[in-house]
Amino acid sequence: QVQLVESGGGLVQAGGSLRLSCAASGRAFSDYGMGWFRQAPGKEREFVAYITWSGRSTYYADSVKGRFTVSRDNAKNTVYLQMNSLKPEDTAVYYCAATNSGGDFRVAYTYNYWGQGTQVTVSS
């Protein structure tokens, strides 16, 4: 069992930055690849970013590439999402998730565990 708790969301103006954190507890954090997803009102949950268990490889949705950076600190059992140049369309609840299934990290059902989400609101 892995418990995930996100933090760092809030209200920011367009062009601003936020850093989300996801703290993990329970089973070995370094066994899991970690993803970030987001869900805006009335929309499906969508993939944002993924980082492998070692941190050596990262992947991004085209909509955030060049603006967002995912990283992890296995010693602190924490994964981060640095979000720069934020746009109003980035407004959503952001979720972190953990997977060791080896499936497609871009789809939500690949993930075993989810956090409760943190709200990010970008004003224009």
Side-chain angles (χ1 to χ4, degrees):
Q1 192 80 2
V2 175
Q3 293 80 41
L4 303 172
V5 179
E6 301 97 335
S7 61
L11 174 64
V12 63
Q13 289 189 331
S17 298
L18 283 174
R19 188 175 82 154
L20 305 183
S21 299
C22 173
S25 60
R27 297 188 63 181
F29 176 68
S30 59
D31 287 348
Y32 292 84
M34 298 297 296
W36 285 96
F37 285 73
R38 66 187 181 186
Q39 189 166 18
K43 295 188 176 182
E44 293 188 355
R45 192 168 297 191
E46 65 172 357
F47 169 75
V48 174
Y50 175 80
I51 186 166
T52 56
W53 67 270
S54 65
R56 291 193 184 101
S57 297
T58 57
Y59 304 87
Y60 299 93
D62 288 344
S63 59
V64 307
K65 203 171 293 183
R67 300 188 297 123
F68 289 12
T69 302
V70 60
S71 62
R72 68 189 295 162
D73 185 338
N74 286 345
K76 295 183 177 180
N77 287 359
T78 302
V79 62
Y80 305 98
L81 186 68
Q82 178 67 43
M83 306 187 294
N84 298 330
S85 303
L86 283 161
K87 305 175 182 180
E89 50 264 44
D90 294 319
T91 295
V93 177
Y94 283 70
Y95 299 89
C96 68
T99 180
N100 63 355
S101 70
D104 185 348
F105 55 77
R106 291 177 174 84
V107 296
Y109 64 73
T110 291
Y111 292 82
N112 313 83
Y113 304 103
W114 290 83
Q116 83 291 347
T118 185
Q119 176 70 47
V120 171
T121 303
V122 184
S123 63
S124 57

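What you see below is based on every heavy atom in this structure, not just the backbone, and it leaves out hydrogens, waters and symmetry mates.
V122 belongs to a hydrophobic cluster whose other members, connected by ILVMFWY side-chain contacts under 4.5 Å either directly or through intermediates, are V2, L4, V12, L18, L20, F29, Y32, M34, W36, V48, I51, Y60, V64, F68, V70, V79, L81, M83, L86, Y94, Y113, V120. When hydrophobic residues (I, L, V, M, F, W, Y) are linked wherever their side-chain heavy atoms come within less than 4.5 Å, the members clustered with V107 are Y109.
Applying the disulfide (SG to SG under 2.5 Å) test to residues at least two apart or on different chains, the pairs with a partner in residues 17-119 are C22-C96. Listed by first then second residue, pairs satisfying side chain to side chain donor-acceptor pair (under 3.5 Å) with a partner in residues 14-23 read S17-N84, not counting sequence neighbours.
Using a 4.5 Å heavy-atom threshold, the side chains of Y80 and T69 count as separate. Contact check for R45 versus Y95: side-chain heavy atoms found under the 4.5 Å cut-off. Residues K43 and R38 form no side-chain contact, since every pair of their non-hydrogen atoms from C-beta on lies 4.5 Å or further apart.
Taken to the nearest 0.5 Å, the OG1 atom of T52 stands 9.5 Å off from the CZ atom of F105. Distance check, rounded to the nearest 0.5 Å: CG of D90 to OG of S63 gives 7.5 Å. Within the model, atoms CG of N112 and CG of D31 stand 11.0 Å from one another, a figure rounded to the nearest 0.5 Å.
Between the side chain of T78 and the backbone N or O of K76 there is at least one donor-acceptor pair closer than 3.5 Å. Checked by atom type and distance alone, the side chain of T99 pairs as donor or acceptor with a backbone atom of T110 at under 3.5 Å. In this structure a side-chain-to-backbone donor-acceptor pair under 3.5 Å is present from R67 to S85. A donor-acceptor pair under 3.5 Å links the side-chain atoms of T118 to the main chain of G9, judged by distance alone.
The two atoms that bring A40 and A92 nearest to each other are N-CB, 3.8 Å, heavy atoms only. Of all heavy-atom pairs between Q116 and V5, the closest is OE1-CA, 3.7 Å.
The closest side-chain donor-acceptor pair between Q3 and S25 falls under 3.5 angstrom.
At least one cation-pi condition fails for R106 and Y50: the charged atom is not both under 6.0 angstrom from the six-membered ring centre and inside a 45 degree cone around its axis.
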For this session: Take F37 and Y111 through the ring-ring contact (aromatic ring centres under 6.0 Å, His included) test and state the conclusion after the steps.
Result: CA-CA 11 Å; F37 285 73; Y111 292 82; 5.2 Å; yes
For this session: Using the side chain to side chain contact (heavy atoms under 4.5 Å, CB included) rule, take Q39 and E46 through it: C-alpha gap first, then chi angles, then the decisive distance, then the call.
Result: CA-CA 6 Å; Q39 189 166 18; E46 65 172 357; over 6 Å; no
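Within a 6.0 Å radius of CH2 in W53, no more than 12 heavy atoms belonging to other residues, nucleotides or ligands are found.
For K65, the salt bridge (Lys or Arg N to Asp or Glu O under 4.0 Å) criterion is met by D62, not counting sequence neighbours. The salt bridge (Lys or Arg N to Asp or Glu O under 4.0 Å) test applied to E89 returns no partner, not counting sequence neighbours.
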